[in-house]
Amino acid sequence: MEFRRTHYTSQVTQEMDGQTVKLAGWVHEIRDLGGIMFLILRDREGMAQLTMFKKTIDPQVLETAKSLSRESVILVEGSVKLEAKAPGGYELVPARIDLLNPAQSPLPMDTTGKVNAELDTRLDNRFMDVRRPRVNAVFQIRHHTLSAVRNFLEQEGFLEINTPKVVATATEGGTALFPITYFDTEAFLNQSPQLFKQIMMSGGMDRVFEIGPIFRAEEHDTTRHLNEATSIDIEASFLDHEDVMQLLENLIVHVYESVAKNCANSLKTIGKELDIPKAPFKRLTYDEAIELNNEHSKELLEWGDDLSTNAEKVIGKVMGEHYFIKDWPTEIKPYYTQPYEDNPELTKAFDMMHPRMELSSGAQRIHDHDLLRQRIQDQGLNPDGFDFYLKAFKYGIPPHSGWGLGAERLVMTMLDIDNIRDVVLFPRDRKRVSP
RNA sequence: GUCCGGAUAGUGUAGGGGACUAUCAUGAAGCCCUGUCGAGGCUUCGACCCGGGUUCGAAUCCCGGUCCGGGCGCCA
């Protein structure tokens with residue numbers, strides 16, 4: 001059976017009046033008005049209306065059309081007809097409709113937007129949920145977001161790398177890891193590419209990035225955490241933390257601009273107008289952030305405290321746009337962040353914040369082997385487990401800096417989406433491992 | 001983990017001791033209809049999470065369980 005299309009619905013235009021095209025997709029809706037029948041065909045890029053006058057249409061075509069269930073997959077061959085009354089100014093007069101695969105009835109959920117479905121129902125039936133134009137639009141934008149990230153970083157001289165997701169040791173002390181069985185030894189799912197991207201600074205790759213999964217076995221249960229997330233990670237030699245902060249804010253602006261430019265239809269579908277942020281983002285020191293919180297919040301923070309969810313919200317509200325918090329206390333940042341030479345109480349670490357939540361954190365890293373080893377020890381970790389990592393610092397590693405940026409958080413804050421699960425096809429949280 | 005809230009046709013909902021033979025929408029099946037675009041009209045179909053209890057009577061109240069949602073916590 002022939003099942004190749006010649007066009008997506010979005011590629012059919014009024015200028016093609018009279019031309020024959022083949023469209024393939026799903027039966028979105030059927031509206032039978034008696035003497036005239038409309039069938040809406042939907043594909044990834046949009047919809048097209050088939051119009052059949054029962055008196056003049058091929059009886060074979062009419063019979064097929066009448067027998068179709070919603071969401072069945074069809075191939076339609078027809079001629080484009082200019083018609084002011086049709087949505088988009090044209091319609092298709094089918095000469096042939098082939099049913100490629102019927103859909104059972106009833107459907108597990110509505111695809112037309114007439115009836116809501118709960119998140120749980122939607123995720124259980126994600127294949128059908130993604131057929132909904134709104135959801136499809138989100139994932140088209142997610143694609144363009146990652147594509148814009150790659151373009152930007154490549155332009156800045158970054159090489160894309162892939163680091164292992166199965167690892168022998170924790171990247172850092174605190175975060176809980178998922179243990180797995182690896183032949184006869186214990187192994188874990190990696191929580192961050194941090195150590196490996198740093199090792200590649202010693203490898204002389206100079207500027208690297210990775211877009212990949214990270215795993216955290218934390219039992220969190222919020223609308224902004226996942227146990228499997230996508231991290232956009234960079235590491236760059238011969239740059240300090242201020243340099244990579246600049247890179248980060250420029251990247252964010254570039255992503256927003258690219259999405260605004262390339263995803264006009266998707267944005268329209270979800271009803272979102274992008275506010276493109278302006279670089280440079282405001283910079284707050286950690287001290288200023290604490291002060292700001294204590295000015296505006298009832299929950300007071302002391303120097304040395306990490307920012308609570310409430311503090312993030314309070315400060316975010318005051319700032320109102322993307323901003324950085326920098327110069328964090330050494331004691332609450334990971335062992336590999338570089339302390340200021342003239343004030344070791346503070347590190348060259350930063351967080352990049354959206355008013356709603358943290359998007360990224362980064363720093364200049366320690367490149368001195370002995371100091372790094374000492375810091376690992378100071379944080380109560382056993383340096384022996386880090387031999388594979390520390391070794392790379394003994395034979396010439398440049399000063400370097402980097403950051404990790406949460407891809408899901410970037411998309412959800414950009415599009416004003418409440419729940420992080422809405423920007424992941426198959427989210428993994430404490431309650432869900434399937435589908 | 002914790003504090004709230006919830007579970008009713010395929011989907012989304014109303015109903016908070018008797019008027020429930022359970023509301024509405026969507027859907028499915030059938031009929032009418034030549035410009036629909038959430039088409040419209042008529043007919044039909046389809047549901048009270050599980051287990052105990054209270055009561056003459058439970059979808060409704062109580063206890064236990066399971067599952068779900070939101071907030072917080074956890075998240076170097």
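A note on names: the letters A, B, ... follow the listed sequences, proteins ahead of strands, and every chain is numbered from 1. Just so you know, these numbers use all the heavy atoms, side chains as well, and skip hydrogens, waters and symmetry mates.
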Hey, could you give me each pair passing salt bridge (Lys or Arg N to Asp or Glu O under 4.0 Å) that has a residue in residues 328-337 of chain A? Not counting sequence neighbours. A:K333-A:D351
Would you mind telling me which of A:K197, A:Q194, A:E210 makes a side-chain hydrogen bond (donor to acceptor under 3.5 Å, both in side chains) with A:T163? A:E210
Determine whether more than 12 heavy atoms belonging to other residues, nucleotides or ligands lie under 6.0 Å from atom CZ of A:R430. yes
For atom CD of A:E160, decide whether the heavy atoms of other residues, nucleotides or ligands shown that lie under 6.0 angstrom number more than 12. yes
Write down the distance separating the C1' atoms in B:rG38 and B:rU11, rounded off to the nearest Å. 15 Å
Applying ring pair (Phe, Tyr, Trp, His ring centres under 6.0 Å) to A:F386 and A:Y335, what does each step give before you reach the verdict? CA-CA 12 Å; A:F386 293 87; A:Y335 57 82; 5.5 Å; yes
If you draw a 6.0 Å radius around CD in A:E63, do more than 12 non-hydrogen atoms from other residues or ligands fall strictly inside? no
Now, which nucleotide makes the Watson-Crick or G-U wobble pair with B:rG17, with each of the two distances under 3.5 Å? none
Between the side chains of A:R432 and A:D124, is the shortest nitrogen-to-carboxylate-oxygen separation below 4.0 Å, so that they form an ion pair? yes
Less than 4.0 Å between a side-chain N and a carboxylate O, is that true for A:E408 and A:R421? no
May I ask you to say what A:R430 touches in the nucleic acid, namely base, sugar-phosphate or nothing, with a heavy-atom cut-off under 4.0 Å? base
Name each donor-acceptor pair under 3.5 Å that joins a side chain in residues 366-375 of chain A to protein atoms two or more places apart or in another chain, with its distance.
from   : atom 1 : to     : atom 2 : distance (Å)
A:D368 : OD2    : A:D370 : N      : 3.2
A:D368 : OD2    : A:L371 : N      : 2.8

Contact list for RNA chain B against residues 309-324 of chain A - heavy-atom distance below 4.0 Å: A:T309, A:K313
When every nucleotide of nucleotides 26-35 of chain B is labelled 5' to 3' by its protein contacts under 4.0 Å (heavy atoms), B for base, S for sugar-phosphate only, - for none, what sequence of letters results? SSS----BBB
According to side-chain hydrogen bond (donor to acceptor under 3.5 Å, both in side chains), who are the partners of A:R428, at least two apart in sequence or on a separate chain? none
Pairs under 3.5 angstrom only: tabulate donor-acceptor contacts from the side chains of residues 16-24 of chain A to other protein residues two or more places apart or in another chain.
from  : atom 1 : to    : atom 2 : distance (Å)
A:D17 : OD1    : A:L82 : N      : 3.0

Please give the distance between the P atoms of B:rC48 and B:rA22 as a whole number of Å. 11 Å
Among side-chain atoms of A:T9 and A:E45, is any donor-acceptor pair under 3.5 angstrom? no
Close N/O contacts between protein and nucleotides 67-69 of chain B (under 3.5 Å):
from   : atom 1 : to     : atom 2 : distance (Å)
B:rG69 : OP2    : A:K431 : NZ     : 3.4

Does B:rU26 have a Watson-Crick or wobble partner in any strand here, with both distances under 3.5 angstrom, and which is it? B:rG10
For residues 47-56 of chain A, the salt bridge (Lys or Arg N to Asp or Glu O under 4.0 Å) pairs (sequence neighbours left out) are A:D32-A:K54
Do any of residues 337-351 of chain A sit with a heavy atom less than 4.0 Å from RNA chain B, and if so which? none
My understanding is that a pair needs two contacts under 3.5 Å, Watson-Crick or G-U wobble. By that rule, which nucleotide pairs with B:rU2? B:rG71
Could you list the donor-acceptor pairs under 3.5 angstrom formed by side chains in residues 291-301 of chain A, with sequence neighbours left out?
from   : atom 1 : to     : atom 2 : distance (Å)
A:H296 : ND1    : A:L292 : O      : 3.0
A:S297 : OG     : A:E299 : N      : 3.0
A:S297 : OG     : A:N310 : OD1    : 3.2

Using a 4.0 Å heavy-atom cut-off, does A:I332 contact any base of the nucleic acid, only the sugar-phosphate backbone, or nothing at all? sugar-phosphate
Qualifying salt bridge (Lys or Arg N to Asp or Glu O under 4.0 Å) pairs, either residue in residues 68-79 of chain A, two or more places apart: A:R42-A:E71, A:R70-A:D110, A:E71-A:R131
Tell me if B:rG16 is syn or anti. Syn = glycosidic torsion within 90° of 0, anti otherwise. syn
Enumerate the protein-to-nucleotides 45-48 of chain B contacts in which both atoms are nitrogen or oxygen and the separation is below 3.5 Å.
none

For B:rC49, what is the paired nucleotide under Watson-Crick or G-U wobble rules, both distances under 3.5 Å? B:rG65
